[in-house]
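What follows is a short report on a single structure.
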Amino acid sequence: MTIVEFLSTYWPRLLTGTGVTIVQFFLAAFLGVAISLVMGLLKLSPNRMLRGFAISYIEFFRGTSLLVQLFWIFYVLPLFGVSIDKFTAGYVAVGMNIGGYGAELVRGGILSVRKGQWEAALAINLSPAKRMWRIILPQALVNMLPAWGNLMIELLKATALVALISVPDLMFEARQINGSTFLSAQVFGTALVIYYLLARFMITPFMRWLERFMARKLGMV
Amino acid sequence: MFDWKWDFVWEIMPRLLVATGNTLLAAGAGYAIAIVLGLVFALAQRGPSRLLAFVVRELVEFIRSTPLLLQVFFVFFVGPQFGIRLSPWTSGMIAIGLHYACYLSEVYRGGIESVPRGQWEASTALNMSTIQTYRRVIIPQAIPSSLTGMGNYLVGIFKDTPMLSVIGVAELVHTANAIGSEHYRFLEPLTLVGLIFLAISLPAAGLIRLLEGYVRRKLGM
Amino acid sequence: MTQSFDHPLEITGTPPPMVSFRNVCKAYGSLVVLDNLNLDINAGEMVSIIGPSGSGKTTVLRMLMTLEQINGGVIYVDGKPLTHMPKHGKLVPANQRHLRQRRVDIGMCFQHFNLFPHMTALENCMEGPVQVLGMRKPEARARCEELLEMVGMIDKKDQHPSRLSGGQQQRVAIARALAMRPKVMLFDEVTSALDPEVIGEVTEVIRKLVSEHNLTMLMVTHQMGFARDISDRVCFFYGGKIEEQGPPSQIFGNPERERTQQFLSAVREAI
């Protein structure tokens, strides 16, 4: 079967799979960014309890495998009475995992803002919350965006694992088609190319644009 | 914790320990491949052939932007289609070694680029050949700045080995799943696997940081 | 360092000194930076601090801005304690709330300007009035435009700091501090990071403040000529202590202490 024949037969399934991958990506990204922000800030908190909580979270999610976390959330959590469907389990696991890595980026970004900015914010008597929100975080954001570009690619790749709990994403569809046709080169090759296109021509350009946009918006060119 | 059965834990522990050995073996072998192949990729991108540099650059980008899980399937299933049969271990090592070789090539590249231009000029002034310059001057200086990245990816490859479970490599997650479906109990095996990962990756990360400091001091930087 | 002195809950007097350091000590570990500092600054007075590096000059300003905690003694501003607060008839170390209430009286300009890079010149100035004083935006804008006019930066009010020269940034920083209407202004080596040809535009603004406004000012500087011209009093710091203080004519014209003489002749030689 040529690649053209293959594609003309299986494109609808690959397309819906890609759609599911994209939805999983966005939901996980949303959750991951929110968790990163909270955990990154908590890790810098002067309160030892909060700091300890953030450190535990980050070390746990960075210290174990995403696949283990995914299986644990999907297979073990129901034993504690927390039952979530596979679609939710998928992006929640990926988002929580990425949140652990993102928290370190947020923390690094905040620490990269020069000390003088904290002092100037204090000298005009801004409250601690406003110092962080209005002065430090915008600058931290610009500093850490390049690293977020890489993390977003990692996030896209991580979503492929949700196929292993039967979320019908691109990876899952590719495996199904492979199982019934054994056209492995065609189906896995096509899936690889689709992931590559998403990463290289959607995520990367968007993140680059966001970097430029934020730098311009904040006048930090 | 309710429903947690210690006697079951002791029953499955020997199998999990064997699987831990397999996981470490897979990570070690994959990393060995990645270290060597990564250097080849890095040097090819700086070599005299523009075409080779371009091809390698694109290949590295492609592999880095697509999911390892999919690459594992690709390597395992595409061979038989063309009459080449690879064992799960062989395909697993090829996939994970190649994937991390791409990451490491970026680490090396960064390290090499961090060596100031003046070092190249001084080597030229001493009439050293390119190979001599790399071996005697550039690479020794590139190592310290590459260490952090190399260490992170050693822990990274260890945490990614569970992806090999999908093609039947009997590492931790594969074993935990097998135990789970034999006994209809996932709580203990999956939780233990998570703990084993933490118990290895956290000290490993600490150890790598110590080693980094040691090498830096040793090289007088 | 124990607090072996009894400090009053409030300094009385008509009027009380605007700033009063009473037995203030500061150490980093075993390194003593300030050793039992006593210094009163009257309302409307312009005091310059000079001395060799490491003599504790900048620390004096940073403590007054509450950027550094003190290890002993009390600092009063406008007669009321800054570093401490009264509790059950005694002074106890201030909490964050007390510091925020008392900091409103103090403004500061830094050696490296520390303008907020993501805000325009005008936004930098309006940040404090709007976010801290709760002023309405039009009102804050009017106040800040007036100040930018005074420092000669009104035509650059919509520029971000990255587009401004060092001298221009420092003038905006002065306007930003003034926008909070502080009673005390602190200038920490505000010309040290500037190219020689733009130092004048910043010192001009400070001169103008001295002659037209009744602000209390405390300035750390390496520019002896400038300190001589505009100060009411000059303090020479050496080894964490005030070695000598007095009117500029005395310090620069007829210093009594040997260390002051040595320092000034060393500085003159450098020029």
Side-chain angles (χ1 to χ4, degrees), chain A residues 21 56 59-81 97 101 150 153-154 156-164 169-172 174-175 178-179 181-201 203-204, chain B residues 1-4 23 58 61-82 99 106 152 155-156 158-166 171-174 176-177 180 185-205:
Chain A
T21 290
S56 313
E59 293 300 328
F60 177 78
F61 279 94
R62 284 162 46 108
T64 56
S65 292
L66 169 58
L67 194 52
V68 178
Q69 293 154 19
L70 182 69
F71 282 169
W72 208 87
I73 287 176
F74 190 62
Y75 291 112
V76 177
L77 226 45
L79 303 178
F80 295 84
N97 179 270
Y101 290 88
N150 285 333
I153 306 281
E154 293 302 321
L156 173 72
K157 289 160 62 180
T159 60
L161 266 64
V162 303
L164 300 179
D169 73 334
L170 178 56
M171 178 77 236
F172 182 84
R175 243 183 120 185
N178 181 61
T181 65
F182 286 99
L183 296 169
S184 306
Q186 287 89 330
V187 63
F188 289 134
T190 308
L192 280 172
V193 169
I194 294 174
Y195 276 110
Y196 179 67
L197 295 178
L198 290 178
R200 188 80 185 273
F201 297 100
I203 297 175
T204 302
Chain B
M1 211 185 299
F2 62 94
D3 211 30
W4 175 272
T23 292
E58 289 303 307
E61 273 302 313
F62 187 88
I63 293 176
R64 263 163 38 98
S65 324
T66 50
L68 173 60
L69 184 64
L70 188 50
Q71 291 163 10
V72 170
F73 279 121
F74 187 89
V75 174
F76 186 64
F77 283 103
V78 169
Q81 211 180 351
F82 300 96
H99 194 81
E106 293 292 290
N152 288 343
V155 180
F158 168 67
K159 285 182 294 180
D160 268 356
T161 49
M163 297 209 204
L164 305 182
S165 67
V166 294
E171 49 64 70
L172 274 167
V173 170
H174 188 270
N177 271 334
R185 286 189 69 84
F186 283 93
L187 171 65
E188 292 87 353
L190 278 179
T191 308
L192 287 172
V193 167
L195 292 175
I196 291 171
F197 267 101
L198 272 182
I200 296 176
S201 67
L202 291 186

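Residue numbers begin at 1 in each chain, while the letters A, B, ... track the order of the sequences. As the structure is a computational prediction, the values presented were derived from the model and not from experiment.
- In this structure, the side chain of A:S65 engages the main chain of B:K159 through a donor-acceptor pair within 3.5 Å.
- At least one side-chain heavy atom of A:L161 sits less than 4.5 Å from a side-chain heavy atom of B:L69.
- Between chain B and the residues A:L164, A:L156, A:T204, A:N150, the largest count of heavy-atom pairs under 4.5 Å involves A:L164.
- Not one N or O on the side chain of B:Q81 forms a donor-acceptor pair closer than 3.5 Å with the backbone of A:L183.
- Contacts of A:Q69 with chain B are absent, with no heavy-atom separation under 4.5 Å from either backbone or side chain.
- If you look at B:F186 and A:Y75, their ring centroids are closer than 6.0 Å.
- Ranking A:I153, A:V76, A:T64 against chain B, the residue ahead of the rest is A:T64, based on heavy-atom pairs under 4.5 Å.
- Within the 4.5 angstrom heavy-atom criterion, only side-chain atoms of B:S165, from C-beta onward, approach chain A.
- Separation of atoms CG (A:L198) and OG1 (B:T66) is listed at 11.5 Å; rounding is to 0.5 Å.
- Taking the side chain as every heavy atom from C-beta outward, A:Y195 and B:S65 never approach each other to under 4.5 Å.
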Apply side-chain contact (heavy atoms from CB on, under 4.5 Å) to the pair A:W72 and B:V193, showing each step before the final yes or no. CA-CA 10 Å; A:W72 208 87; B:V193 167; over 6 Å; no
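- Of the listed residues (B:V78, B:L190, B:V166), the greatest number of heavy-atom pairs within a distance under 4.5 Å of chain A belongs to B:L190.
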Begin from the C-alpha positions of A:R200 and B:E58 and carry the test salt bridge (Lys or Arg N to Asp or Glu O under 4.0 Å) through to its verdict. CA-CA 11 Å; A:R200 188 80 185 273; B:E58 289 303 307; 3.3 Å; yes
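- Most heavy-atom pairs under 4.5 Å with chain B, from the set A:A158, A:A163, A:A160, A:A185: that is A:A185.
- Contacts between B:F76 and chain A at a heavy-atom distance below 4.5 Å are absent for every atom of the residue.
- For the pair A:K157 (side chain) and B:R64 (backbone), a donor-acceptor distance under 3.5 Å is present.
- Rounding to the nearest 0.5 Å gives a distance of 11.0 Å between CG of A:N178 and CZ of B:F74.
- Using cut-offs of 30° and 60° on the angle between ring planes, the pair A:F182 and B:F77 is tilted.
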Go through the steps for A:F188 and B:Q71 under the test side-chain contact (heavy atoms from CB on, under 4.5 Å), then give the verdict. CA-CA 8 Å; A:F188 289 134; B:Q71 291 163 10; over 6 Å; no
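- If you tally non-hydrogen atom pairs under 4.5 Å between each of B:L195, B:I63, B:N177, B:I196 and chain A, the highest count goes to B:N177.
- Interface check for chain B: of the options A:E59, A:R62, A:R175, the most heavy-atom pairs under 4.5 Å are formed by A:R175.
- For B:L198, the parts lying under 4.5 angstrom from a heavy atom of chain A are both the backbone and the side chain.
- Options A:I203, A:L66, A:L192, A:V68 differ in how many heavy-atom pairs under 4.5 Å they form with chain B, and the most are formed by A:L192.
- To the nearest 0.5 Å, atom CZ of residue B:R185 and atom CG of residue A:L79 are 8.0 Å apart.
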